[in-house]
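These notes are about the structure you will find just below.
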Amino acid sequence: MAETRLIQGRYRLLDQVGRGGMGEVWRARDESLGRQVAVKCLKPMGPQHDADFTRVLRERFRREARVAAALQHRGITVVHDFGESEGVLFLVMELLEGRNLSQLLDDNRQHPLAVDDVVEIAGQVSAALAYTHQQGVVHRDLKPANIVRLTDGTVKICDFGIARLGHDIGFTSRLTSTGVAMGTPLYMSPEQIGGGEVDQRSDLYSLGCVLYEIATGAPPFDLADPWAILVGHRDTAPTPPRAHRAELPGYLDEIILDLLAKEPDARPRDAHELSRRISAARATPPYVPTLGAAVRPPSEPRSEPPGGAPADAPGTAGAPGAAGVPGAAGAPGTASVVWPEPGADPGGDPAEAGPLPNWTRGMTTGRRATGATTRPVPPPDEAAGLTAAWIPRPDTGRPAAPTPSPEVLAELAGRHNAGLSLGRLGRWSEAGEVHRAVAADRERLLGAGHPDTLASRYEIAFTLSRTGRADEALAEYTLVAGARHRALGPDHPDTLAARQETAYVLGQSGRPQDAHDLYTAVLAVRERIQGPDHPDTLRCRHNLAFNLSRLGRLDDSYRTAREVADARARVLGPDHPDTLVTRYEVGYALGQLGQWAEALLTYREVAEARARALGPDHPDTLAARYEIGISLGRLGRSADALTLYRDLIADRIRVHGPTHPETLRARHGLGVNLGRLGRWEEALTESRDVCALRARSLGADHPDTLVSRREVAVGLGWLGRWADALTEYRRVAEARERALGADHPDTLAARQDEAHCREQLGRATGAGHLDRRAASLRPGD
């Protein structure tokens with residue numbers, strides 16, 4: 001086509017920017033809108049196609065083009081228009097300023113891309129595929145030439161729907177002598193090769209081939225003969241990428257090999273799962289070997305179990321976020337945290353300690369759960385695959401332990417990773433049992449002070465924290481932190497990470513002042529050693545901000561969160577998950593301060609950014625949508641909140657199932673807002689259903705179950721059924737007293753609810769007794 005060619009009187013072709021088996025790509029100008037676009041012109045259909053085939057093909061083209069045009073995601077090339085001009089089918093797309101991955105490899109002389117670039121590309125492509133697969137669209141021809149990285153770093157997938165058209169027309173596929181369809185053989189899945197059913201898992205296999213190539217410089221089966229390539233995909237296990245490039249992180253090696261599984265069912269379940277794994281791994285701080293042994297990356301405080309949603313109704317007291325029993329420092333049943341002075345030798349044998357990446361934020365008692373809950377799978381060689389004996393400190397005079405065989409170490413690493421996988425699935429009790437068994441074996445084979453043993457003990461502490469056993473987790477973390485102090489020194493990042501984790505559990509245990517003191521101490525060291533803008537420093541300041549809200553210092557909490565959010569946006573970017581987590585914290589602080597309009601705006605911005613960066617079904621995106629509902633309800637916009645919660649419930653059921661805690665949390669919010677609208681019969685029915693489901697899945701005395709039971713009582717009261725309401729209020733108060741103690745704020749609130757109900761029944765004497773009891777126990781009265 002000539003440069004002056006005008007298509008449909010609108011698109012003027014300027015210069016050719018690409019050519020392939022399907023046709024040509026032109027840079028063009030949209031004369032109507034005055035913008036530059038890309039126009040892909042498919043090759044004319046040859047005489048071998050009869051009129052009926054041509055008619056069917058044109059209809060197929062229109063259908064596929066409409067599907068492609070309907071895809072709206074930052075990781076998908078935008079299709080503006082499509083049509084036919086003088087027998088040539090064409091697509092009008094956004095003009096991308098960048099290079100496709102094949103060109104980037106050529107630019108790099110076929111050397112692999114930087115590890116950070118590979119991980120970034122993997123994350124963005126997986127998020128885009130998660131979106132398209134959710135729309136029921138499968139690419140079918142994912143390859144480096146179809147993935148473009150723009151000059152601003154955005155990665156986009158091109159040519160959705162084109163592969164199927166090419167197959168129909170016959171340009172990009174041919175048959176071998178054995179009848180095997182040939183598309184782009186270097187990136188074809190085994191099921192494509194065999195002519196079987198192709199679904200979204202085929203795209204995941206092709207993505208594995210792409211990631212393998214950009215990570216190592218060559219595809220997994222880089223053979224001269226096309227048939228040998230196909231046989232390789234079908235029958236041959238790929239060489240692990242790290243065998244070609246040792247610097248690749250273990251988690252990336254594992255992800256790529258999982259994607260390249262021969263059987264579709266053995267690959268990641270879907271692109272959402274893949275995206276979550278990559279996001280979790282990307283948030284892991286850099287790993288620096290120390291003491292001649294492989295040491296895991298430093299930890300950071302993690303988010304509390306999503307079990308502490310307060311009843312979101314006027315006059316409702318918040319339920320605790322964990323079932324840990326509060327206590328003062330040194331009180332019976334709690335661990336007293338004592339830190340040696342810098343430079344002092346505490347003496348004694350190294351105790352259990354061990355770093356593990358921790359990328360989620362902590363949450364205050366009574367907070368609504370936020371943040372992603374998946375956790376990264378560590379590289380085997382970083383988790384436990386040591387080939388040298390643990391070397392004790394020179395001043396101990398102790399001999400090194402015998403070195404176990406690499407096979408034994410690899411088996412322990414596999415079991416350790418299995419425990420992490422159980423945790424990612426939310427099966428924390430099972431994960432804890434696995435880590436306990438591995439810790440015992442590692443201690444026997446490697447010694448109590450070996451980093452791998454300590455890593456397992458660290459995981460035990462984390463599972464204890466996740467299952468609400470904060471006091472036990474605190475004791476475990478205290479031992480871990482002390483061991484690191486002795487083995488690595490007070491200022492080592494791993495020591496600081498353990499102390500920071502201890503601070504988190506102190507807050508979880510109802511000791512926010514102790515947590516504040518420890519966070520402040522750790523922050524001072526991090527700022528001195530790592531600098532104020534280091535990600536670990538900002539992470540510590542983030543957790544300090546949320547702990548300030550526990551202390552009632554709401555203005556300080558808000559100010560600190562804003563400062564951290566601004567710093568993270570500057571260092572990591574405005575849409576980085578860590579930045580959005582802190583902006584989420586800003587929204588919560590605004591709500592605590594009663595500034596619900598500002599909180600609503602913040603949560604909406606966070607939800608939109610998370611949907612773009614992580615996908616609409618990511619747990620963090622859904623969590624932000626939940627908070628939008630909370631804000632709407634607080635602003636008196638319960639009808640809007642009701643609509644939001646119904647949509648959120650449908651998405652939660654689709655993603656997580658009907659009995660998942662977060663699904664039930666959304667249903668709880670729905671019931672609260674039904675009550676606010678005066679629809680108390682519906683509200684009572686919803687609250688009872690949620691309460692029953694929570695009791696079955698979480699336990700009768702779980703904080704979430706008690707919150708729902710209180711909501712049942714509220715509904716009964718509004719319907720005038722005070723005797724029934726009193727029974728429910730009493731059950732809540734008694735359960736909270738058993739779990740939290742008689743003087744816990746939530747217990748006191750439940751007793752006051754009971755007293756109010758007695759007043760409604762004309763039992764003033766009993767009500768007065770409960771009021772006096774609550775007043776006598778209330779701190780500060």
Side-chain angles (χ1 to χ4, degrees), residues 1 5-45 57-101 124-125 127-150 152 154-169 171-172 200 203 206 271 611-612 615-616:
M1 291 182 180
R5 178 73 178 273
L6 190 64
I7 295 181
Q8 287 192 337
R10 178 172 179 177
Y11 304 108
R12 187 171 300 280
L13 306 186
L14 301 177
D15 50 79
Q16 186 176 308
V17 295
R19 178 191 294 271
M22 288 291 296
E24 303 167 341
V25 181
W26 290 75
R27 184 172 61 88
R29 184 172 59 252
D30 182 343
E31 301 287 7
S32 296
L33 298 178
R35 65 180 175 185
Q36 291 203 342
V37 294
V39 176
K40 172 165 285 193
C41 301
L42 277 63
K43 283 184 177 179
M45 290 163 282
L57 184 63
R58 285 194 179 103
E59 182 55 44
R60 174 71 61 84
F61 169 77
R62 293 187 183 95
R63 184 168 67 249
E64 296 292 341
R66 288 192 186 98
V67 169
L71 298 176
Q72 300 292 323
H73 188 276
R74 68 191 299 260
I76 305 298
T77 304
V78 177
V79 174
H80 298 307
D81 197 3
F82 60 93
E84 181 178 358
S85 177
E86 299 181 7
V88 176
L89 302 173
F90 67 91
L91 285 169
V92 181
M93 302 169 292
E94 66 175 323
L95 184 64
L96 303 180
E97 297 293 338
R99 306 280 283 170
N100 66 47
L101 300 188
Q124 293 197 45
V125 173
L129 286 178
Y131 166 80
T132 58
H133 291 166
Q134 182 183 339
Q135 312 307 310
V137 179
V138 179
H139 192 285
R140 298 173 178 265
D141 193 24
L142 205 62
K143 56 187 177 183
N146 284 336
I147 302 173
V148 177
R149 187 171 65 178
L150 307 187
D152 67 358
T154 302
V155 179
K156 287 182 177 282
I157 305 175
C158 309
D159 284 357
F160 273 91
I162 300 301
R164 182 170 2 205
L165 288 172
H167 181 278
D168 291 341
I169 299 172
F171 292 139
T172 61
Q200 61 189 32
D203 280 353
S206 298
R612 290 193 304 270

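Positions are given from 1, in the same order as the sequence printed here. Computed from a predicted structure; not experimentally measured.
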| message | Could you go through Val148 and Thr77, starting from their C-alpha distance and side-chain angles, then the distance that decides it, and tell me whether this counts as side chain to side chain contact (heavy atoms under 4.5 Å, CB included)? | response | CA-CA 9 Å; Val148 177; Thr77 304; over 6 Å; no
| What closest approach, in Å, do Ala65 and Phe82 show between heavy atoms, and which atom pair accounts for it? | CB-CG, 3.5 Å
| message | Quick check: closest heavy atoms across Gln16 and Trp26, and the distance to 0.1 Å? | response | N-CE3, 3.6 Å
| said: For Arg74 and Thr154: C-alpha separation, side-chain torsions, deciding distance, then whether side chain to side chain contact (heavy atoms under 4.5 Å, CB included) applies. | reply: CA-CA 8 Å; Arg74 68 191 299 260; Thr154 302; 4.0 Å; yes
| field | Pair Cys158-Asn100, side chain to side chain contact (heavy atoms under 4.5 Å, CB included): steps then yes or no | value | CA-CA 10 Å; Cys158 309; Asn100 66 47; over 6 Å; no
| task | Considering non-hydrogen atoms only, spot the tightest contact between Gln8 and Ser85 and give its length. | result | N-OG, 4.5 Å
| Single hit among His80, Arg10, Arg27 for side-chain contact (heavy atoms from CB on, under 4.5 Å) with Val37 | His80
| field | Note, Val79 side chain near Leu71 side chain (heavy atom, < 4.5 Å) | value | no
| query | Are the side chain of Tyr131 and the backbone of Gln72 linked by a donor-acceptor contact shorter than 3.5 Å? | reply | yes
| Just by distance, do the side chain of Asp203 and the backbone of His139 share a donor-acceptor pair under 3.5 Å? | yes
| message | Would you compute the distance between atom CZ of Phe90 and atom CD of Glu84 and round it to the nearest 0.5 angstrom? | response | 9.0 Å
| Between His73 and Ala611, which heavy-atom pair has the shortest distance, and what is it? | NE2-O, 4.5 Å
| remark: CG of Leu6 to CZ of Arg29, rounded to nearest 0.5 Å, is 9.5 Å
| said: Please identify which of these residues, Ile157, Ile76, Val138, Val137, meets the side-chain contact (heavy atoms from CB on, under 4.5 Å) condition with Leu129. | reply: Ile157
| query | Looking at CG of Leu142 and CG of Asp159, how far apart are the two atoms once the value is rounded to the nearest 0.5 Å? | reply | 10.5 Å
| message | Please evaluate residues Leu150 and Lys156 with respect to the criterion side chain to side chain contact (heavy atoms under 4.5 Å, CB included), reporting the C-alpha separation (whole Å), side-chain torsions for both, the decisive distance (0.1 Å), and the verdict. | response | CA-CA 8 Å; Leu150 307 187; Lys156 287 182 177 282; 3.9 Å; yes
